[in-house]
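Letters go in sequence order (proteins before strands), and every chain restarts at 1.
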Amino acid sequence: MIATVKGTRDILPPESFVWNRVEAVAREVFHSFGYGEIRTPLMEPTELFTRGIGEDTDIVNKEMYTFPDKKGRSLTLRPEGTAPVARAYISNNMQTLPHPLRLYYIGPMFRYERPQKGRYRQFFQIGAEILGPEEPAADVEMFSLLVDFLNRLEFTDLAVGLNSVGCEACRPGYRAALQAVLQEHKGELCVDCVRRIDTNPLRVLDCKEAGCQPVKKLLPSIGGHLCETCSAHLRFVEEGLNALKIRFELNDRLVRGLDYYTRTVFEVVSGRLGAQNAICGGGRYDRLISDLGGPKVPGIGFAIGQDRLIEILPESFKAKVKPGLDYFIVPVSPNELLPAFELAAKLREQGRSAGVALDGKGLKKGLKFAAATGAVSALILGEEEIKNGEVVVKNLATGEQVKKKIDEL
RNA sequence: GUGAGUGUAGCUCAGUUGGUUAGAGCGCCAGACUGUGGCUCUGGAAGUCGGGGGUUCAAAUCCCCUCACUCACCCCA
């Protein structure tokens, strides 16, 4: 037997109906904010990610699906969506379009990691980006969009974390301040954090090793190191969130794993997911497009993990997703099979969903199948019904049944 | 990449100190019931016991290797 590749999986009905519904809600919400869908290739030149995400990140170091094509070019299955969007922006001269430019994407991403709960090698992200504005109003709009979407899925118990990682003006100063303290306490840190002192000291803030926690308490908060522009930016975002009544927590230890973030970073976590509890991460990336050789255009965006989102989707939302047909028509004998098809076609023309029992094996099997597949009603069609232009309508939940004229359905 | 746990029917699992033909529930199929699903009863199909090797008269059971899955670490969606 041939199995799926490690960390990949099949999504089957009726579960796929839930996926479709979540995607449909995402599109509705994004469209209502004026965002248009962008579809970028699943594979890109490897260089896009090494330059865009950063050489020293875990994603680039150990998590990419990279392989040579037949001409020896190095290709990589996209591990995230923002760098491809930035590339597409440059490739298509999108700076000539009206700005701010609002884009969204839905699709699979790939990372070569050991699978666990909420983590797959092929996983799906729903993301949005706004390109152009430097103003914090764009950040606030992103939150508004995100929260609107999550509310439509009927989430009530998610926590939003917010921080600023500064900009090219103030981050180096903070970085140096961190390094100074970390050097003093080098002996108390885990091996990873010792390495991070040089490579990425901000990441120590995120370390979960028990031994590192006391040192973390000694580390300065970035708040005191932000330049005037960055702290004003952050203040505006906070005010905006308050005005929108979006509950959030300022978390000065929040750092993201991608190098391209500047200023605003945020994440949404759930308590119901196990260790991999982040369902959404995002932030501002003012230098990404220019770093990739494009114009100096800032941007901000987020990515939601669709697999994780669906894992914790509220029952109240899931209950409304109905995979079953409106009508399942059961011919009593093979003589009624063709009239059943005609009736089904007529119902579909009216916008209802309808199916027909194909095996001609009678009511018993037909009704059993109808109920098992979640149809709302069964329509029983026999010799007598056809003679009178009627059908028996049976509600499969309650068992009640009534005769109705076919025209009155 | 590291660690731990688990692999027996489609699913959930039982299987005694190694012992004869590997079981149950659910599901599936058929029948009781040739115009009525869910309840009940009867019957049926379905297993390379993850795979390979070893020990033994005898292995689902013990040993070694391997693969897969799960959870956790790292990190992230």
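Contacts of residues 37-45 of chain A with RNA chain B (heavy atom under 4.0 Å): none. Residues of residues 74-85 of chain A having a heavy atom closer than 4.0 Å to RNA chain B: none are found.
Per the geometry, CG belonging to A:Asp58 stands 14 Å off P belonging to B:rC73, to the nearest Å. Taking atom CG of residue A:Asn277 and atom P of nucleotide B:rC74, one finds them 12 Å apart after rounding to whole Å. Summarising the geometry, the separation between CD1 on A:Ile310 and C1' on B:rA77 is reported as 12 Å, rounded to the nearest angstrom. Straight-line distance from the CD1 atom of A:Ile279 to the P atom of B:rA77: 12 Å, rounded to whole Å. Taking atom CD of residue A:Glu267 and atom C1' of nucleotide B:rA77, one finds them 11 Å apart after rounding to whole Å. A:Gln116 places its CD atom 7 Å from the C1' atom of B:rC71, with the value rounded to the nearest Å. Atom CD1 of A:Ile53 is separated from atom P of B:rA77 by 10 Å (rounded to the nearest Å). Straight-line distance from the CZ atom of A:Phe266 to the C1' atom of B:rA77: 13 Å, rounded to whole Å.
With distances taken from any side-chain atom of A:Leu367 to the nucleotides B:rA77, B:rU36, B:rC73, the minimum falls on B:rU36.
In this pair, A:Phe302 and A:Phe30 present their aromatic rings tilted. The plane angle is within the 30 to 60° band. Classified by interplanar angle (parallel below 30°, tilted 30° to 60°, perpendicular above 60°), the ring pair A:Phe143/A:Phe266 is tilted. Taking the six-membered ring where the residue is Trp, A:Tyr174 and A:His225 present tilted rings, their angle falling between 30° and 60°.
On the P atoms, B:rA9 is 15 Å away from B:rA46, given to the nearest whole Å. Separating the P atom of B:rG35 from that of B:rA24 is a span of 34 Å, rounded to the nearest Å. Nucleotides B:rC57 and B:rG18, compared at atom C1', are 12 Å apart to the nearest Å. Between the C1' atoms of B:rG38 and B:rU17, the separation comes to 47 Å (whole Å). B:rG27 and B:rC11 have their C1' atoms separated by 7 Å, given to the nearest Å. Straight-line distance between the P atoms of B:rC29 and B:rA45: roughly 16 Å, to the nearest whole Å. With both ends at atom P, the span from B:rU40 to B:rU20 equals 34 Å, rounded to whole Å. Atom C1' of B:rU8 sits at a distance of 15 Å from the matching atom of B:rA68, rounded to the whole Å.
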Between the protein and nucleotides 26-30 of chain B, which nitrogen or oxygen pairs are less than 3.5 angstrom apart?
| from | atom 1 | to | atom 2 | distance (Å) |
| --- | --- | --- | --- | --- |
| B:rA30 | OP1 | A:Lys365 | NZ | 3.0 |
| B:rA30 | OP2 | A:Lys365 | NZ | 3.4 |

Set out, line by line, the N/O atom pairs under 3.5 Å between protein and nucleotides 1-3 of chain B.
| from | atom 1 | to | atom 2 | distance (Å) |
| --- | --- | --- | --- | --- |
| B:rU2 | O4 | A:Arg114 | NE | 3.4 |
| B:rU2 | O4 | A:Arg114 | NH1 | 3.3 |
| B:rU2 | O4 | A:Arg114 | NH2 | 3.3 |
| B:rG3 | O6 | A:Arg114 | NH2 | 3.2 |

Pairs: protein N or O with nucleotides 32-35 of chain B N or O, under 3.5 Å:
| from | atom 1 | to | atom 2 | distance (Å) |
| --- | --- | --- | --- | --- |
| B:rG35 | N1 | A:Glu385 | OE1 | 2.9 |
| B:rG35 | N1 | A:Glu385 | OE2 | 3.0 |
| B:rG35 | N2 | A:Glu385 | OE2 | 2.7 |

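A:Tyr285 pairs by the side chain to side chain donor-acceptor pair (under 3.5 Å) definition with A:Glu129, not counting sequence neighbours. Remark: A:Glu385 engages no residue in a side chain to side chain donor-acceptor pair (under 3.5 Å) (not counting sequence neighbours). A:Pro334 is linked by a side chain to side chain contact (heavy atoms under 4.5 Å, CB included) to nothing, counting only residues two or more places apart in sequence or in another chain. Not counting sequence neighbours, the partners of A:Leu42 by the side chain to side chain contact (heavy atoms under 4.5 Å, CB included) test are A:Arg78, A:Pro108, A:Phe110. Taking A:Phe369 as the reference, A:Phe328, A:Thr373 meet the side chain to side chain contact (heavy atoms under 4.5 Å, CB included) condition, with sequence neighbours excluded. Judged as a side chain to side chain donor-acceptor pair (under 3.5 Å), and not counting sequence neighbours, A:Glu384 has no contacts.
The shortest non-hydrogen separation linking A:Ile106 to A:Glu23 is CG2-CG, 4.0 Å. When every heavy atom of A:Ala26 is checked against every heavy atom of A:Ile126, the shortest pair comes out as CB-CG2, 4.0 Å.
Annotation for A:Gln350: atom CD counts as buried by contact number, over 12 foreign heavy atoms lying within 6.0 Å. Within 6.0 Å of CZ on A:Phe317 lie more than 12 heavy atoms contributed by other residues, nucleotides or ligands. Residue A:Glu37 places its CD atom among more than 12 non-hydrogen atoms of other residues, nucleotides or ligands, all under 6.0 Å distant.
Classification of A:Glu154 and A:Lys320 as a salt-bridged pair holds, one side-chain N sitting under 4.0 Å from a carboxylate O. Contact check on A:Glu315 versus A:Lys318 returns a salt bridge, with a Lys/Arg side-chain nitrogen under 4.0 Å from an Asp/Glu carboxylate oxygen. Using a 4.0 Å cut-off between charged nitrogen and carboxylate oxygen, A:Lys405 and A:Asp407 do not count as a salt-bridge pair.
Nucleic acid contact for A:Gly118: base, since at least one base atom lies under 4.0 Å from a heavy atom of the residue. Here A:Ala375 lies out of heavy-atom contact (under 4.0 Å) with every strand. The residue A:Ala370 sits apart from the nucleic acid: no heavy atom pair falls under 4.0 Å. Heavy atoms of A:Gly399 sit under 4.0 angstrom from at least one base atom.
Residue A:Leu234 forms a side-chain contact (heavy atoms from CB on, under 4.5 Å) with just one option from A:Asp139, A:Ile222, A:Leu226, and that option is A:Leu226.
In this structure, A:Arg9 is positioned above the aromatic face of A:Tyr120, its NZ or CZ under 6.0 Å from the six-membered ring centre and within 45° of the axis. A cation-pi arrangement is present between A:Arg121 and A:Tyr112 under the rule of less than 6.0 angstrom and at most 45 degrees off the ring axis.
Take the nearest nucleotide of RNA chain B for A:Ile304 and for A:Gln401: the residue whose nucleotide is more 5' is A:Gln401. For A:Tyr120 and A:Lys394, each mapped to the nucleotide of RNA chain B holding its nearest heavy atom, the one lying further toward the 5' end belongs to A:Lys394.
With contacts defined as side-chain heavy-atom distances shorter than 4.5 Å, the pair A:Glu15/A:Ile310 qualifies.
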For Watson-Crick and G-U wobble pairs within 3.5 Å on both distances, what is RNA chain B written in dot-bracket notation, | included for inter-strand pairing?
(((((((..((((.....[...)))).(((((.......))))).....(((((..]....))))))))))))....
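Once the 5.5 Å centre distance and the 30° plane angle are applied, the aromatic ring of A:Phe124 is found not to be stacked with the base of B:rA77.
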